[in-house]
Every structure is written in C-alpha cells, then in structure tokens.
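Every chain is numbered from 1, with letters handed out A, B, ... down the list of sequences.
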There are 2 protein chains.
Amino acid sequence: MNAFNDTPCHDPTRKRLLQAALDVFADKGFRDATVREICAKAEVNAASVNYHFRSKEALYSEVLSFAYREANERYPYTLASDASLPPEVRLRHFIGNLLARMLDDTYLGRHGKLLAREIADPTPTGALDQVIETTMKPHCEVLDGIVAELVGPGYSEADMHRLGLSIVGQCLMYHHSRSLIDRVCPEIIATPEEIANTADCIAHFSIAALKHLATKDGRA
Amino acid sequence: MNAFNDTPCHDPTRKRLLQAALDVFADKGFRDATVREICAKAEVNAASVNYHFRSKEALYSEVLSFAYREANERYPYTLASDASLPPEVRLRHFIGNLLARMLDDTYLGRHGKLLAREIADPTPTGALDQVIETTMKPHCEVLDGIVAELVGPGYSEADMHRLGLSIVGQCLMYHHSRSLIDRVCPEIIATPEEIANTADCIAHFSIAALKHLATKDGRA
DNA sequence: CTTTGTTTCAAACAATCGTTTGAATCGCTT
DNA sequence: AAGCGATTCAAACGATTGTTTGAAACAAAG
C-alpha cells in the first residue's frame with residue numbers, strides 16, 4: 001500500500017474517487033454502495049476503481065484509513081488529551097468531539113458515520129482490525145485516563161472498560177438510533193445549540209455518574 | 001395483512017420461512033440476506049417467498065413485526081412496569097431486559113439484533129414506522145416514567161428524552177460495537193455472570209447519574 | 001373418482017454488479 | 001515525430017439476485 005500512499009497528493013482521479021467513495025460508503029454501507037454510483041459521483045469511468053485501487057474492497061480499506069485520518073484533523077482530541085485541564089473539562093471535550101463526529105451532516109461528518117457503520121457491521125475486508133489497532137485504541141486510552149481520574153482506584157479492568165463503553169455508547173446512540181430520534185424527538189439535535197446541549201447532557205450525566213461512583217467504596 | 005395474520009398458526013411452510021428469515025435477516029441485514037439462503041435454511045423452494053409473502057420486502061416487514069412480538073414474550077417488561085417496585089429496581093430490570101435482547105446469542109436473541117439493525121439503517125420497506133408507533137413507544141414511556149421518578153421535576157421534555165437515550169445508548173452499545181468489544185475486552189460479556197455484571201454496571205452508572213442530577217437544582 | 005383450489009417446484013427471465021479486456025487517448029521523454 | 005508507459009474508456013463477461021411462469025403435486029370436497 002505504500003506505493004499508493006505516495007501517489008494520492010498528485011493524482012486527481014484517485015483523490016476524487018476516495019472522496020466520492022467516502023460519501024457513498026458512509027451513506028449506503030459497503031454492500032449497498034456500488035462502484036458505478038461512486039464513479040458517477042467522482043465523474044470517472046467504472047474501471048478506474050480497479051486501475052487505481054485493484055478492487056472495491058481495496059478502495060473501501062483505503063477509504064476507511066483516509067476517513068479516520070481526516071476525522072482526526074477535523075475533530076482532534078487535543079483538548080481531551082491535555083493533562084493540564086481538569087478531567088471533567090477533558091471529558092466534556094471528548095464527548096463533544098465524538099458526538100460531533102456522529103452528527104456532522106456536512107461532508108466531513110461522513111467519517112464518523114463510516115466508522116460507526118464498520119464497527120456495527122464489519123465488512124469482510126478486514127480493514128477494521130487495522131483501524132482499531134493503529135488509531136482507535138489510542139483514543140480509548142485517552143478516555144480511560146479521564147475515567148480513571150474521575151472514579152479513582154478500586155475498579156477492575158473489566159469495569160473500567162464498561163464505564164468507558166457507557167460513555168461512548170451514549171454518543172454513538174445518536175448515530176445508530178438516528179432514525180428513531182428523527183421520528184420521536186428530532187428537536188434535541190435540530191440546531192448546533194441543541195447538539196451542544198446534548199453533549200452537555202451526556203457530559204453531566206456521565207460526570208455525575210462517575211463522581212457518584214467515586215464517592216462509593218469503589219466497586220459498583 | 002390481516003389475511004396473512006390469520007394463517008400462520010396452521011401453515012408450517014410459512015412459519016418455517018418466518019423463522020429462517022428472522023435468523024438470516026438478523027445476521028446479514030436486509031440487503032445481504034438472500035431469498036435463496038432463507039429458503040435453503042427453511043428447506044423450501046425459493047418461489048415460496050413470493051407465494052406466501054408476495055416479495056422479499058413483505059417478508060421482511062412481517063419478520064420485523066414477528067420479531068418484536070416474540071422478543072416481548074421472551075423478555076417482557078412486566079417488572080420494569082411494576083409500579084409497586086422502587087424506580088431503581090425497575091430501571092435495573094429494564095436495563096437487564098434490553099441488554100439481554102442485545103446479547104442473547106441463542107435463536108431468540110435475534111429479535112433484538114434485527115431491531116437494532118433496522119433502527120440503525122432503516123430498510124426501504126417502511127416497516128420501522130409501524131414498529132415504532134405500535135410497540136416501541138410504549139417501552140419508551142416505561143423508561144420515561146422511571147427516569148421522571150428518579151430525577152424529579154424541573155427537566156425539559158428535550159432533556160428527558162436525552163436522559164432516556166443516554167440509558168438506552170449504553171445498552172445498545174453492546175450490540176452496535178460488538179465487533180470492537182470482541183476485539184478489545186471480550187471478557188466483559190463472556191459469561192452470563194459477566195453479562196449480569198455489565199447490566200449492573202450500566203444500572204449503577206445510570207442510577208448514580210440520575211440521583212446526582214436530581215440533587216442538583218434540576219436543569220443539568 | 002372428479003373437480004377445484006392450494007401449494008410446491010424447476011426453469012427461465014430481466015436486472016444488477018464487480019471485474020476484465022483491448023483499444024484509444026494522453027502525457028512525457030528523447 | 002516516434003516510442004513508451006500511464007490512464008481512460010466502452011463493451012463484454014460471469015456471477016448473483018428477486019421474481020415470474022406454467023406445470024406438477026397435493027389436499028379437500030362432493
């Protein structure tokens with residue numbers, strides 16, 4: 001894949017394909033997305049996928065890596081990682097960041113959606129393992145650090161994982177259950193202000209839980 | 001659809017198709033599931049789908065309703081709805097019930113998985129609207145009642161929705177991010193005991209949050 | 001047994017899809 | 001201008017899919 005990685009900056013066709021594919025894969029998922037639709041969106045011939053990427057699957061793997069890199073540029077975790085800030089503030093940044101990835105309906109928001117899709121229903125491309133190892137685990141470690149500071153010692157590793165998942169699960173809800181929210185209570189994410197309110201709600205809920213659990217004797 | 005509903009008890013082929021389809025749709029999703037695979041599993045001819053159900057889409061709609069009815073039989077919300085129990089206990093039952101639907105790997109656990117799939121990525125069959133209106137909203141009302149008792153008055157309707165979503169999101173996480181959990185921390189749901197521990201953790205986290213928020217001045 | 005309606009079946013159909021193919025075009029170097 | 005490699009293209013290919021079709025088999029009633 002290194003040969004490919006050296007090329008993209010100077011290859012307009014390849015770049016157009018990547019961006020179109022990101023859109024279509026995020027919207028439709030791997031299976032439903034067709035090479036013809038991607039190529040139509042990129043305004044290139046269908047054979048270009050095979051020429052530039054060898055196959056639909058290889059394109060997908062490339063898009064997944066590309067998506068994650070771009071999401072990190074748009075929604076960096078720098079504030080969530082800044083140890084000079086209090087853990088509550090870091091957690092609020094982490095949550096706001098993750099939620100924004102789920103709810104950004106502009107072009108760049110497709111990254112979070114694509115990732116959420118892949119996690120929920122991994123494609124046979126094997127791309128998920130690589131993305132988890134190289135990029136998602138470091139983000140989980142940021143969250144683990146914040147949670148550990150807030151609850152203090154005394155929790156098993158398994159319970160630490162569960163606490164982290166409880167926080168992330170609240171944010172991912174807004175992607176995975178978007179169809180439900182749009183039908184039942186669309187107003188809660190209707191404007192940037194409401195999205196910020198939602199992030200606040202998740203942060204307060206989670207911080208309240210962690211602090212309350214910290215004041216108990218440790219094990220829940 | 002009423003004509004169909006009167007038939008199923010006495011039609012073995014139809015029933016076999018429904019059950020096979022539930023399995024395959026839950027595992028593969030609507031698009032990836034093929035009529036041939038479903039019919040092979042049910043040991044019937046492929047044309048039977050069109051004869052008994054008119055189309056793949058109609059079969060899916062029927063399976064979705066069937067799935068929800070069966071999940072309610074297996075995992076009833078009676079304890080969560082029992083107003084004589086304290087709200088904390090009711091919430092623990094609600095969470096345990098919802099989590100079990102997500103994590104039951106036996107045949108009957110397919111229901112929750114199918115529903116989670118449909119919500120995350122609605123099929124063009126239009127079946128989701130019906131399921132939401134007739135069956136899922138009553139369950140949301142159960143949860144809303146519990147949350148209202150725990151946090152007390154002073155919260156806007158939007159924030160009540162967000163609180164409910166925070167609780168449900170933690171449980172759905174175990175379905176949507178199963179691939180991630182299986183790679184990073186599979187032990188947390190490896191045995192029935194661990195699943196119960198996970199439900200406890202979610203319940204404690206949520207109850208802690210709600211109680212802490214209740215002792216504040218109301219609005220988060 | 002005949003008639004009628006129901007159910008099942010194998011084959012066929014039309015559409016879609018990712019991929020391959022070989023020619024044409026393009027771009028660069030000498 | 002010629003040569004070479006890179007890129008694009010339209011057509012074709014083989015596989016897959018949901019659906020249709022008409023015949024065969026089955027079941028029930030008279």
Whether B:His139 and B:Tyr68 hold their rings parallel, tilted or perpendicular, with breakpoints at 30° and 60°: tilted
Working for side-chain hydrogen bond (donor to acceptor under 3.5 Å, both in side chains), residues B:Gln130 and B:Ser65: CA-CA 9 Å; B:Gln130 187 187 358; B:Ser65 301; 4.6 Å; no
Ring-face cation contact, A:Phe30 with A:Lys56, 6.0 Å cut, 45° max: yes
Parallel, tilted or perpendicular: ring planes of B:Phe66 versus B:His111, cut at 30 and 60 degrees: tilted
Whole angstrom value for the distance that separates P of D:dT7 from CZ of A:Arg54: 17 Å
Rounded distance (Å) that lies between atom C1' of C:dA15 and atom CD of A:Glu37: 17 Å
Nearest-Å distance for atom pair CG/P, residues B:Asn50 and D:dG18: 10 Å
Phosphate contact (D:dT8 OP1 or OP2) by A:Thr13 side-chain N/O below 4.0 Å: yes
Protein-nucleotide distance (B:Lys28, atom NZ; D:dG18, atom P), rounded to Å: 11 Å
Upstream residue (5' side of DNA chain D) when A:Ala46 and A:Arg31 are each assigned their closest nucleotide: A:Ala46
Closest nucleotide among C:dT20, D:dT8, D:dT20 to the A:Tyr51 side chain: D:dT8
Nearest-Å distance for atom pair CG/P, residues B:Leu17 and D:dG18: 13 Å
Protein-nucleotide distance (B:Tyr60, atom OH; D:dT17, atom C1'), rounded to Å: 18 Å
A:His52 side-chain N/O to D:dA6 phosphate OP1/OP2 under 4.0 Å: no
Ring centroid separation A:His161 to A:Tyr155 under 6.0 Å: no
Rounded distance (Å) that lies between atom C1' of D:dT8 and atom CZ of A:Arg14: 17 Å
Proximal nucleotide (of C:dT20, D:dT19, C:dG18) relative to the B:Arg36 side chain: D:dT19
A:Thr34 side-chain proximity, nearest of C:dC9, D:dC9, C:dC17: C:dC17
Nearest-angstrom distance from the residue atom CG of B:Asp11 to P of D:dC26: 17 Å
Closest to side chain of A:Lys56, choosing from C:dG18, D:dG18, D:dA6: C:dG18
Phosphate-side-chain proximity, A:Asn45 and D:dT7, N/O vs OP1/OP2 below 4.0 Å: no
